[in-house]
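One-based numbering along the sequence shown.
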Amino acid sequence: MKYVIASDIHGSAKYCRLLIEAFKRENADKLILLGDILYHGPRNPLPEEYSPKDVAEMLSAVKDKIICIRGNCDADVDLMVLNFPLNDSALISTDGLDLYLGHGHKETPHLSGNNVYISGHTHVPLKKIGEYVHLNPGSVSLPKENSKHGYILYENRKFVFKDIYGLQYDYTEISSEHTSVKRAPLLRRKIIKRKHYV
């Protein structure tokens with residue numbers, strides 16, 4: 001399976017459109033959204049082309065391909081216009097890996113070994129490799145700390161960080177022996193100091 005993994009659209013019609021174009025360009029099986037779909041949040045500026053109604057309509061066109069997590073900015077009223085379910089968390093087992101999906105504003109689940117935790121919320125890409133792998137694609141529409149508008153492409157145990165136009169800037173590959181993780185030379189270090197943004 002091939003997944004495009006993205007987070008924090010925050011009602012930007014421009015970046016939702018670019019994300020759907022990327023999803024189609026990548027020929028992915030599923031579009032995983034890690035929350036904060038329509039509302040921009042009280043601490044964020046209005047994103048470019050802020051139009052939650054247009055975002056809801058664009059996502060409805062690919063609703064059968066979406067796996068969506070509910071973020072801290074996703075209100076009950078949003079569920080009335082999004083015609084796909086928003087889950088608090090999800091688990092995808094693929095290629096011998098367990099991918100745990102969450103928005104990132106709640107406590108991190110207890111994980112180890114071949115678990116990969118993928119979250120959004122901070123608007124900053126993260127690749128942390130320790131007891132388990134923790135990844136964050138950053139934000140589609142409101143990236144912070146000079147990061148890129150982007151997403152992660154997953155296929156065959158490889159997580160590729162790309163900007164919204166498809167340019168790769170990092171990756172992580174987990175070997176099938178479950179004993180080693182290959183990392184791109186660009187970002188071997190932890191790439192964020194974890195901050196909690198609303």
Between His149 and Tyr15, what is the ring plane arrangement, given parallel below 30°, perpendicular above 60°, and tilted in between?
parallel

Where is the tightest heavy-atom contact between [X] and [Y], given as atom of each residue plus distance?
X      : Y      : answer
Ile5   : Pro137 : O-CB, 3.6 Å
Ser7   : Gly35  : OG-O, 3.9 Å
Gly138 : Asp8   : O-OD2, 4.3 Å
Leu111 : Glu131 : O-OE2, 3.6 Å
Ala6   : Val140 : CB-CG2, 3.6 Å
Ser12  : Pro47  : CB-CB, 3.7 Å

Tell me, do [X] and [Y] make a side-chain contact under 4.5 Å, heavy atoms counted?
X      : Y      : value
Glu49  : Arg17  : yes
Thr172 : Lys158 : no
Tyr154 : Ile92  : no
Val62  : Phe84  : no

Would a distance-only check, ignoring hydrogens and angles, find a side-chain to backbone donor-acceptor pair under 3.5 Å from Lys30 to Val4?
no

Find out whether the Lys NZ or Arg CZ of Lys148 is both under 6.0 angstrom from the six-membered ring centre of Tyr169 and within 45° of the ring's axis.
yes

Do Lys65 and Phe23 form a cation-pi contact, if we require the NZ or CZ to be under 6.0 Å from the six-membered ring centre and within 45 degrees of the ring's axis?
no

In Å and rounded to the nearest 0.5 Å, what is the [atom1] to [atom2] distance from [X] to [Y]?
X      : Y      : atom1 : atom2 : answer
His10  : Leu46  : NE2   : CG    : 11.5 Å
Glu26  : Leu153 : CD    : CG    : 4.5 Å
Ser60  : Leu82  : OG    : CG    : 7.0 Å
Leu59  : Leu31  : CG    : CG    : 7.0 Å
Glu48  : Ser141 : CD    : OG    : 9.0 Å
Ile118 : Tyr3   : CD1   : OH    : 10.0 Å

Before giving the answer on side chain to side chain contact (heavy atoms under 4.5 Å, CB included), spell out for Asp36 and Ile9 the whole-Å C-alpha distance, their side-chain angles and the decisive distance to 0.1 Å.
CA-CA 6 Å; Asp36 289 359; Ile9 298 171; over 6 Å; no

Check this for me: Lys53, atom NZ, are more than 12 non-hydrogen atoms of other residues, nucleotides or ligands nearer than 6.0 Å?
no

Flag if over 12 foreign heavy atoms under 6.0 Å of NZ, Lys24
no

Determine whether the aromatic ring centres of Tyr100 and Tyr117 lie less than 6.0 Å apart.
no

Report yes if the distance between the aromatic ring centroids of Tyr50 and His40 is under 6.0 Å, otherwise no.
yes

Is there a chain of hydrophobic side chains (I, L, V, M, F, W, Y, each step under 4.5 Å between heavy atoms) that links Leu142 to Ile69?
no

Side chain to side chain contact (heavy atoms under 4.5 Å, CB included) assessment of Asp98 paired with Leu91:
CA-CA 7 Å; Asp98 287 332; Leu91 168 65; 3.8 Å; yes

Is there a donor-acceptor contact under 3.5 Å linking the side chains of Thr122 and Asn136?
yes

Please name the residue in the list Leu33, Ile66, Asp78, Asp74 that meets the side chain to side chain contact (heavy atoms under 4.5 Å, CB included) test with Leu86.
Asp74

Apply the test side chain to side chain donor-acceptor pair (under 3.5 Å) to residues Tyr151 and Asp163: give CA-CA distance (whole Å), side-chain angles for both, the deciding distance (0.1 Å), then the verdict.
CA-CA 6 Å; Tyr151 61 94; Asp163 72 14; over 6 Å; no

Please step through side chain to side chain contact (heavy atoms under 4.5 Å, CB included) for the pair Asn44 and Tyr39, ending with a clear verdict.
CA-CA 10 Å; Asn44 295 314; Tyr39 179 53; over 6 Å; no

Start with the C-alpha distance between His121 and His103, add both sets of side-chain angles, then the distance that settles side chain to side chain donor-acceptor pair (under 3.5 Å), and finish with yes or no.
CA-CA 6 Å; His121 184 57; His103 180 61; 3.2 Å; yes

After noting the C-alpha distance and the side-chain angles of Cys16 and Ile20, does the key distance pass the side chain to side chain contact (heavy atoms under 4.5 Å, CB included) rule?
CA-CA 6 Å; Cys16 184; Ile20 291 171; 4.0 Å; yes

Arg70 and Asp76: CA distance, side-chain angles, deciding distance, salt bridge (charged side-chain N to carboxylate O under 4.0 Å, His left out) verdict:
CA-CA 10 Å; Arg70 186 173 184 170; Asp76 288 344; 2.6 Å; yes

